[in-house]
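Labels below follow one simple rule: chain letters A, B, ... track the order of the sequence lines, proteins then strands, and each chain is numbered from 1.
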2 protein chains.
Amino acid sequence: MVANFSFHINPHLFKKNPEESAIGREIVSNSIDLINNLGIENFTFKKLATKIQHTEATIYRYFENKQMLLLYIVSWYWHYLDFLIDYKIQNLAEPKQKIQEIISILSQNLSETKLTSYYNMAAIFEIVIREGNKVYLHTEVKEINKIQLYKPYKDLCEKISLLFQTYNSSYKFSHSLASTLVETSHLHIFFTENLPRLTDVNEENKNSYTHHFLSDLIFKSLN
Amino acid sequence: MVANFSFHINPHLFKKNPEESAIGREIVSNSIDLINNLGIENFTFKKLATKIQHTEATIYRYFENKQMLLLYIVSWYWHYLDFLIDYKIQNLAEPKQKIQEIISILSQNLSETKLTSYYNMAAIFEIVIREGNKVYLHTEVKEINKIQLYKPYKDLCEKISLLFQTYNSSYKFSHSLASTLVETSHLHIFFTENLPRLTDVNEENKNSYTHHFLSDLIFKSLN
DNA sequence: TTAATTGTGATAGTAAAGCTATTAATGTAA
DNA sequence: TTACATTAATAGCTTTACTATCACAATTAA
């Protein structure tokens with residue numbers, strides 16, 4: 001399926017809406033590739049400017065700094081996930097099936113769950129896994145939270161949390177379990193690839209490992 | 001209890017061992033306060049140099065860059081945790097009690113579990129919670145892993161994992177559960193403080209919340 | 001005792017990163 | 001046609017990140 005996603009993005013994320021001009025779209029789309037290749041620490045607006053044949057100052061007209069651009073990309077992912085979850089579970093009858101589907105999406109059995117878009121989705125996933133929690137793990141978290149920039153993440157957790165409640169209304173930690181599911185899925189995809197001794201992955205179970213672990217974790221908590 | 005911890009720190013972490021000179025100890029001890037106050041992104045060797053009345057170049061004689069200094073601090077914490085766990089569980093008979101004790105330590109019911117040291121322990125904890133996973137969430141993770149700089153973290157997970165196995169030998173994800181326990185404890189301490197809607201914390205359960213959630217998560221997984 | 005060696009921190013840089021004030025060009029409205 | 005507003009480019013500045021070299025003191029060697 002090919003769709004043109006357009007989510008309501010919090011205007012505090014940018015100085016000028018990058019969706020509304022060709023240069024803006026070039027900035028976002030090329031930054032996704034560049035951040036993925038270099039990592040956010042080595043990524044600079046200068047390098048991006050060179051890549052898209054414009055000047056640094058032009059990029060500063062759209063984004064306050066590279067951290068805001070990263071948050072823009074990660075926000076886009078949160079909205080995308082929210083949308084994808086709705087899309088995937090709408091025809092499933094049982095809460096259990098819906099939860100299983102969410103776990104599948106987060107474990108990235110990608111071929112089946114991916115929706116394509118204008119952006120390089122594989123690069124966005126890698127960015128979110130490696131850089132995602134840097135958008136809140138810093139000293140300005142409270143100020144950024146005040147202007148609602150983490151709302152899409154909270155909404156996503158709220159959605160998953162409600163499903164958990166539907167499945168087992170006596171469970172006391174549904175929000176925590178939802179955020180833990182999202183965070184643990186990202187970390188585990190990173191660990192299985194880079195630090196496998198922090199997991200129990202091996203050659204045989206490689207493809208399904210993260211999915212199995214997350215299913216075990218979530219359903220044992222909920223039952 | 002007051003103790004003078006001295007762990008075997010991997011020599012790749014520094015250019016010159018900071019434990020072996022007064023200036024080296026000043027560098028580490030003051031960097032802990034400064035990184036805690038500024039965050040690793042705003043922390044610079046120049047600011048640290050000003051604080052300790054020496055030059056930037058002096059600091060560069062000890063540490064390659066601020067990321068290595070952060071990894072030094074986080075490594076110190078991993079060793080400390082490993083030591084503290086041994087110290088706290090040695091007199092406990094049952095695996096269940098031992099696991100409960102580890103969860104207590106990680107939930108930071110601090111007053112009881114803290115061992116004091118030359119360094120500002122409260123600052124180290126805050127650094128680990130906010131900056132800890134930045135030491136591996138980057139593009140050079142594989143090179144750093146090759147020179148064994150994550151070994152103390154892996155050893156810590158191995159220790160916790162073995163306890164899980166003793167408690168329930170049929171559980172298949174003991175390493176994953178160990179790393180998830182450590183990571184989730186850090187994230188949840190951060191969330192309850194800064195992004196409470198990602199959890200189910202409230203005014204009444206505030207103090208014990210993280211501990212309850214982690215206990216529920218771990219023992220349901222293991223039973 | 002003097003000369004050579006070694007280990008230390010200080011000085012003084014450079015290149016890149018991060019950001020901004022000003023100017024120039026283009027499009028729109030009166 | 002002129003005034004105004006929007007947008008990008010130019011050129012800069014400050015800070016960060018890092019390094020080459022120097023100076024000094026302690027140690028050792030002749």
* **Any donor-acceptor N or O pair under 3.5 Å, side chains B:Tyr62, B:Ser21** => yes

* Asked: Taking atom P of C:dA16 as reference, at what distance in whole Å does atom CD of A:Glu56 sit?
  -> 13 Å

* Do A:Ser31 and A:Tyr72 get their side chains close enough for a donor-acceptor pair, meaning under 3.5 Å? -> no

* Structure fact -> Nt span of DNA chain D in reach of chain A heavy atoms at under 4.0 Å, 5' end first, is D:dT7 to D:dT10

* Asked: Hey, mind stepping through A:Asn194 and B:Asn145 against side-chain hydrogen bond (donor to acceptor under 3.5 Å, both in side chains) and telling me if it holds?
  -> CA-CA 8 Å; A:Asn194 297 292; B:Asn145 189 34; over 6 Å; no

* Structure fact -> Applying side chain to side chain donor-acceptor pair (under 3.5 Å) to B:Ser185 and not counting sequence neighbours gives none

* Asked: Between B:Lys151 and B:Glu158, is there a salt bridge with N-O shorter than 4.0 Å?
  -> no

* Looking at A:Glu19 and A:Arg25, what are the two nearest heavy atoms and their distance? -> O-NH1, 2.7 Å

* Asked: What pairs with B:His138 under ring-ring contact (aromatic ring centres under 6.0 Å, His included), at least two apart in sequence or on another chain?
  -> none

* May I ask you to decide if the ring planes of B:Trp76 and B:Phe7 are parallel, tilted or perpendicular, using 30° and 60° as cut-offs? => perpendicular

* Which parts of residues 57-72 of chain B get close to DNA chain C, meaning a heavy atom less than 4.0 angstrom away? -> B:Ala57, B:Thr58, B:Arg61, B:Tyr62

* Who are the side chain to side chain donor-acceptor pair (under 3.5 Å) partners of A:Tyr153, not counting sequence neighbours? -> A:Glu183

* To do: Would you mind checking if A:Arg130 and A:Glu193 are paired as a salt bridge, meaning a charged N to carboxylate O distance below 4.0 Å?
  => no

* Structure fact -> Sorted by number, residues from residues 29-55 of chain B placing a heavy atom under 4.0 Å from DNA chain C are B:His54, B:Thr55

